[in-house]
Amino acid sequence: VAALIPMLLLELVLMLMLCAVVLGWVARHFGFPYPIALVVGGSALSFIPNLPDFPFDPQLVLVVVLPPILYQAALLTSWKDFKANLRDIGLLAIGLVAFTTLAVGVAVKLVVPEMPWAAAFVLGAIVSPPDAVAATSILSRLNIPRRIVPVLEGESLVNDASGLVLYKFAVAAVLTGAFSLADASLQFAGLVLGGLAIGIVLAFVFIAIHKRLGDPFIEVLMSLSIPYATYIIAETVHVSGVLAVVAAGLVRGRYSPEIVSAEMRILARSVWNIFVFVLNSLIFMLIGIHVSHVIANLTQYSIGELVLWGSLVSVVAIAVRFVWVYPAAWLPRLLSRTLREREPRPRKRELFVVSWCGMRGIVSLAAALALPVTLPNGVPFPYRDLIVFLTFFVIATTLIGQGLTLSPFIRRLKVGADWESEKERERARSAMRQAAASAIEATSGKASPALIKVLQAEFSGVADPDETIRTAGALASDIRRAAIDAERKALIALWRNNEIGDEVLHHLEELLDYREAQLKG
């Protein structure tokens, strides 16, 4: 039997990968976020009869899945926008997570009185952090006010950490049977501050190492190792590994435009997108297989009870966000005159969009699967199967219900578009054209006037393709490379001076990367 386990694992992984390919194509074809297709596919898998069990250590799920996903999100998060929206992000990512944990825990305890309070709060902590991946992908495509997207992205980073810290405390209370608010508060502060400190220190260590590598393949391999190394080191010294990973990603993302080569960025972009997609796909498929066995163990409950409880938890998780978002947006303005004068009034339509973006996802899945199977004394973890089932029910309800209706709601509410990004993009293009023109003009002593004229036209965007082809050659390539370097420096300077945001930086930086790669090819 032992000899058959590796083959069984290989067959199951292959099946999950093929399912992910099909579901990913379906999501792309019909134009909705792929987590929705994956969660529906995972649900369908649970109905396959005699489906073999997928042997895995639930404690490894958080270690394998979360660090790279959080790290990539942190790398792409705008530090400028993060700081500008820090108050709103904190209120959502910390205050709302704690409020949701309490509300869901109380609701579950009311309908399942036999469940221990600690176990009820475990479920509350698991479903407290929303996953903003699907929401932000829809918001970005619809070109609505840009200030909404940074809040949701920043919330998704920090709420994962705060939710998992509360999750650890709740699980520890179940395992030990004891809980002290004073001790928990001190431990919470230590976990948070220690995790941030470890992440920042390690980020600068990895940056120093990265500058000395000089090989894109080794650099990409190291970038894949950073989140795991950071998480393991932080957890080893008993601080928050999740916050350490987020801090390391934010710091490294701030310096990456200057230390990362175009070749490495192109390679890393593809590798990371595939890697994170595979992790998301496998975890959603895995929960589908696992849920089939969980449902089989819930025979003491009727289908009606399970659906009723799942619906109640889902409604509470959705409603609590509305109850929190509107007061959190208005109360600070009522209490601070300076705030009223400095910031625009919150728009009700935008607050509704933020409130409706409460889809649960990968973090809740990983946390549910990572629940211990037994207590230290060998007794099964109380209500573990019910907690996993209710978690999956909430994920399915919010991802499908809210995810598919978010776009129609935005259109119906007629939330106005924000053209600030386009203005920043044009400002950056203008500065890049001027920098390229100056760099080309500086080579006038080395190149003929005809070549200079053609290259000036090429970088101003009005080149004749036939003329561009005829200017191929070593000298022309050197001048083009110098012009691209000048454009990149001008772009980074605008970003450093906060004249453009990270979204514009990444978009134009990607175009420069591919142009530079064409020269090397």
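- Taking 4.0 Å as the cut-off between side-chain N and carboxylate O, Glu516 and Arg488 count as a salt-bridged pair.
- Residues Leu92 and Asn159 fail the side-chain proximity criterion, which asks for heavy atoms closer than 4.5 Å.
- Here the rule is side chain to side chain contact (heavy atoms under 4.5 Å, CB included) with Met359, and of Leu399, Ile395, Thr397 only Leu399 fits it.
- A donor-acceptor pair under 3.5 Å is absent between the side-chain atoms of Glu263 and the main chain of Pro216, judged by distance alone.
- Qualifying side-chain hydrogen bond (donor to acceptor under 3.5 Å, both in side chains) partners for Asp215, counting only residues two or more places apart in sequence or in other chains: none.
- The backbone N or O of Pro227 sits nowhere less than 3.5 Å from a side-chain atom of Thr230 that would complete a donor-acceptor pair.
- The side-chain hydrogen bond (donor to acceptor under 3.5 Å, both in side chains) search around Lys109 returns none, not counting sequence neighbours.
- Under the 3.5 Å distance criterion, the side-chain polar atoms of Arg265 are left unmatched by any main-chain donor or acceptor of Glu510.
- Note on residues 244-256: no pairs pass salt bridge (charged side-chain N to carboxylate O under 4.0 Å, His left out), not counting sequence neighbours.
- Note that the CG atom of Leu166 and the CG atom of Leu102 stand 8.5 Å from one another [nearest 0.5 Å].
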Name the atoms and distances for all side-chain donor-acceptor pairs under 3.5 Å in residues 190-200, with sequence neighbours left out.
none

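- With Arg321 contributing its side chain and Val354 its backbone, the two residues share a donor-acceptor pair below 3.5 Å.
- Within the 4.5 Å cutoff, the side chain of Ile126 has heavy atoms near those of the Leu371 side chain.
- In this structure, Arg360 fails the cation-pi test against Phe393, since its NZ or CZ atom is not both closer than 6.0 Å to the six-membered ring centre and inside 45 degrees of the ring normal.
- Note that CD of Gln300 is 8.5 Å distant from CG of Leu306, once rounded to the nearest 0.5 Å.
- Between the CG atom in Leu213 and the CE atom in Met264 there is a gap of 9.0 Å [rounded to 0.5 Å].
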Checking side-chain contact (heavy atoms from CB on, under 4.5 Å) for the pair Ile69/Val363: CA distance, chi angles, key distance, verdict? CA-CA 9 Å; Ile69 292 175; Val363 174; over 6 Å; no
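- At a threshold of 4.5 Å between non-hydrogen side-chain atoms, the residues Ser240 and Val165 count as touching.
- Residues satisfying the side-chain hydrogen bond (donor to acceptor under 3.5 Å, both in side chains) criterion with Glu235, sequence neighbours excluded, are Lys168.
- Between Leu66 and Asp160 the shortest side-chain heavy-atom distance does not fall below 4.5 Å.
- For residues 209-237, the set of pairs meeting the ring-ring contact (aromatic ring centres under 6.0 Å, His included) definition, not counting sequence neighbours, is empty.
- Applying the ring pair (Phe, Tyr, Trp, His ring centres under 6.0 Å) criterion to Phe99, with sequence neighbours excluded, gives Trp324.
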- May I have the step-by-step check of side-chain contact (heavy atoms from CB on, under 4.5 Å) for Leu511 and Leu508, ending in yes or no? CA-CA 5 Å; Leu511 297 179; Leu508 296 177; 4.1 Å; yes
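- For Ser128 (side chain) and Ala125 (main-chain N/O), a donor-acceptor pair under 3.5 Å exists by modelled atom type.
- For Asn377 (side chain) and Val379 (main-chain N/O), a donor-acceptor pair under 3.5 Å exists by modelled atom type.
- Ala229 meets the side-chain contact (heavy atoms from CB on, under 4.5 Å) test with Phe206; sequence neighbours excluded.
- To the nearest 0.5 Å, the span separating CG on Leu75 from CG on Leu250 amounts to 8.5 Å.
- Tyr167 contributes a side-chain N or O that, together with a main-chain N or O of Ala367, makes up a donor-acceptor pair within less than 3.5 Å.
- For Trp309 and Tyr301, the gap between ring centers is short of 6.0 Å.
- Among residues at least two apart or in separate chains, ring-ring contact (aromatic ring centres under 6.0 Å, His included) pairs with a member in residues 104-125 are Trp117-Phe121.
- Two residues are said to be in side-chain contact when any heavy atoms from C-beta on lie closer than 4.5 Å; Val246 and Val158 fail this criterion.
- For His507, the NE2 atom sits in a packed shell: over 12 heavy atoms of surrounding residues, nucleotides or ligands are nearer than 6.0 Å.
- Residues meeting the side-chain contact (heavy atoms from CB on, under 4.5 Å) test with Val315, sequence neighbours left out: none.
- Applying the salt bridge (charged side-chain N to carboxylate O under 4.0 Å, His left out) criterion to Asp385, with sequence neighbours excluded, gives no partner residue.
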- Message: Quick one, Leu406 with Gln402, criterion side-chain contact (heavy atoms from CB on, under 4.5 Å). Give me CA distance, side-chain angles, the key distance, then yes/no.
- Response: CA-CA 6 Å; Leu406 182 58; Gln402 293 181 294; over 6 Å; no
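- Residues forming a ring pair (Phe, Tyr, Trp, His ring centres under 6.0 Å) with Phe275 (at least two apart in sequence, or on another chain): none.
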